[in-house]
Amino acid sequence: MTRSSLFHNTVETPIGRMIMGSDGEALTELCLEDWWWAKPVAPNSPHSNDIATLPVFLQTREWLDAYFAGERPSIDSAPPLAAHGTAFQHEVWQLVAEIPYGQTVSYGELAAELAERRSGGRMAAQAVGGAVKRNPITIIVPCHRVVGSGRSFGGYGGRLDVKAELLEHEGVNLSRFDL
């Protein structure tokens with residue numbers, strides 16, 4: 001059975017308004033409202049107060065508040081997550097979720113780690129990049145910490161200025177990248 005986002009709500013953050021999606025129990029989406037995959041949220045939908053107080057949305061707000069306050073919340077303190085994706089995407093997102101606060105990993109390094117966890121072989125960095133791009137739960141699953149090789153900053157599903165702002169917030173020295 002596939003889960004779908006039945007409920008949507010917004011949360012204000014220092015980087016802009018974010019849209020949260022949930023099946024009522026787990027977080028299925030989290031992105032800025034102007035990102036290409038964002039689903040619009042009706043401002044005065046029926047039961048909007050009830051939706052805003054869903055435990056998953058309250059926990060997401062608390063996690064984001066802690067993150068933006070510099071408290072370094074862990075994935076363990078995040079709400080339950082139920083992102084929609086393929087088995088391969090979930091493998092990649094699990095690796096991304098393990099990237100420590102304030103650190104970056106290249107697409108190639110993720111590909112090598114995934115290949116090793118799969119008992120050898122090779123994995124294309126481009127395939128990993130495609131999965132990272134489709135991460136529907138940004139910041140909590142920190143796809144902004146994935147960069148290109150060498151001095152390449154890499155992409156970001158939203159906007160590169162947001163990626164830079166998040167990494168600066170975490171104390172990453174951006175002077176090593178060609179921005």
Side-chain angles (χ1 to χ4, degrees), residues 5 7-45 48-85 90 92-107 109-110 132-148 153-177 179:
S5 296
F7 306 103
H8 288 90
N9 205 266
T10 59
V11 57
E12 296 293 334
T13 72
I15 60 169
R17 180 177 292 147
M18 298 189 80
I19 296 176
M20 302 177 287
S22 175
D23 59 8
E25 295 178 15
L27 190 67
T28 57
E29 303 167 63
L30 179 65
C31 67
L32 281 167
E33 69 179 352
D34 63 348
W35 287 5
W36 62 272
W37 68 86
K39 294 175 178 78
V41 174
N44 295 317
S45 60
S48 58
N49 288 338
D50 294 338
I51 292 170
T53 59
L54 281 173
V56 65
F57 289 154
L58 294 174
Q59 193 173 359
T60 301
R61 283 185 184 89
E62 289 172 7
W63 194 98
L64 289 169
D65 287 346
Y67 174 82
F68 285 110
E71 295 175 18
R72 301 179 182 206
S74 71
I75 192 80
D76 296 333
S77 66
L81 305 178
H84 304 282
H90 280 275
V92 172
W93 300 336
Q94 177 59 45
L95 282 174
V96 171
E98 295 171 15
I99 303 170
Y101 183 99
Q103 295 183 28
T104 59
V105 173
S106 74
Y107 297 99
E109 290 169 327
L110 277 181
V132 171
K133 178 182 177 181
R134 287 170 182 77
N135 169 25
I137 303 176
T138 192
I139 302 178
I140 294 175
V141 178
C143 50
H144 61 279
R145 296 179 189 154
V146 183
V147 297
F153 196 51
Y156 194 53
R159 300 184 320 258
L160 290 180
D161 62 317
V162 172
K163 179 177 183 169
E165 191 172 338
L166 292 170
L167 290 175
E168 279 185 321
H169 170 75
E170 295 183 14
V172 173
N173 180 357
L174 299 183
S175 68
R176 66 185 178 112
F177 299 107
L179 299 176

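Reckoned from all heavy atoms, side chains included, excluding hydrogens, waters and symmetry mates.
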Measure across [X] and [Y] and return the closest heavy-atom pair with its distance rounded to 0.1 Å.
{"X": "Gly148", "Y": "Ser106", "value": "O-CB, 3.8 Å"}
{"X": "Leu27", "Y": "Val56", "value": "N-CG2, 3.4 Å"}
{"X": "Arg176", "Y": "Asn173", "value": "CG-O, 3.5 Å"}
{"X": "Ile140", "Y": "Pro79", "value": "CD1-CD, 4.1 Å"}
{"X": "Leu160", "Y": "Gly154", "value": "CD2-O, 3.4 Å"}
{"X": "Ala97", "Y": "Pro142", "value": "CA-CD, 3.8 Å"}

Evaluate the ring planes of Tyr67 and Tyr101, with Trp represented by its six-membered ring, and classify them as parallel (under 30°), tilted (30 to 60°) or perpendicular (over 60°).
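Ring orientation of Tyr67 relative to Tyr101: perpendicular.
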Please step through side-chain contact (heavy atoms from CB on, under 4.5 Å) for the pair Ile137 and Trp93, ending with a clear verdict.
CA-CA 9 Å; Ile137 303 176; Trp93 300 336; over 6 Å; no
So Glu168 and Leu174, do their side chains get closer than 4.5 Å, heavy atoms only?
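Side chain of Leu174 against side chain of Glu168, heavy atoms only: contact under 4.5 Å found.
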Would you say that Lys163 contacts Val147 through its side chain, given a criterion of any heavy-atom pair below 4.5 Å between the two side chains?
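The answer is yes, as the side chains (C-beta and beyond) meet within the 4.5 Å cut-off.
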May I ask you to check whether His144 and Glu165 show a side-chain donor-acceptor distance below 3.5 Å?
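No donor-acceptor contact under 3.5 Å links the two side chains.
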Would the distance check show the side chain of [X] and the main-chain N or O of [Y] forming a donor-acceptor pair, the cut-off being under 3.5 Å?
{"X": "Thr13", "Y": "Arg17", "value": "no"}
{"X": "Arg61", "Y": "Glu12", "value": "no"}
{"X": "Thr28", "Y": "Gly21", "value": "yes"}
{"X": "Glu170", "Y": "Gln103", "value": "no"}

Could you grab the distance from atom [atom1] of [X] to atom [atom2] of [Y], nearest 0.5 Å is fine?
{"X": "His169", "Y": "Ile139", "atom1": "NE2", "atom2": "CD1", "value": "8.5 Å"}
{"X": "Glu62", "Y": "Phe57", "atom1": "CD", "atom2": "CZ", "value": "14.0 Å"}
{"X": "Leu32", "Y": "Arg159", "atom1": "CG", "atom2": "CZ", "value": "6.0 Å"}
{"X": "Leu54", "Y": "Asn9", "atom1": "CG", "atom2": "CG", "value": "8.0 Å"}
{"X": "Leu166", "Y": "Phe68", "atom1": "CG", "atom2": "CZ", "value": "5.5 Å"}
{"X": "Ile75", "Y": "Trp63", "atom1": "CD1", "atom2": "CH2", "value": "7.0 Å"}

Run Leu30 and Met18 through side-chain contact (heavy atoms from CB on, under 4.5 Å) and show every step you take.
CA-CA 7 Å; Leu30 179 65; Met18 298 189 80; 3.8 Å; yes
Chi angles and distances behind the side-chain contact (heavy atoms from CB on, under 4.5 Å) call for Arg145, Leu167:
CA-CA 7 Å; Arg145 296 179 189 154; Leu167 290 175; 4.2 Å; yes
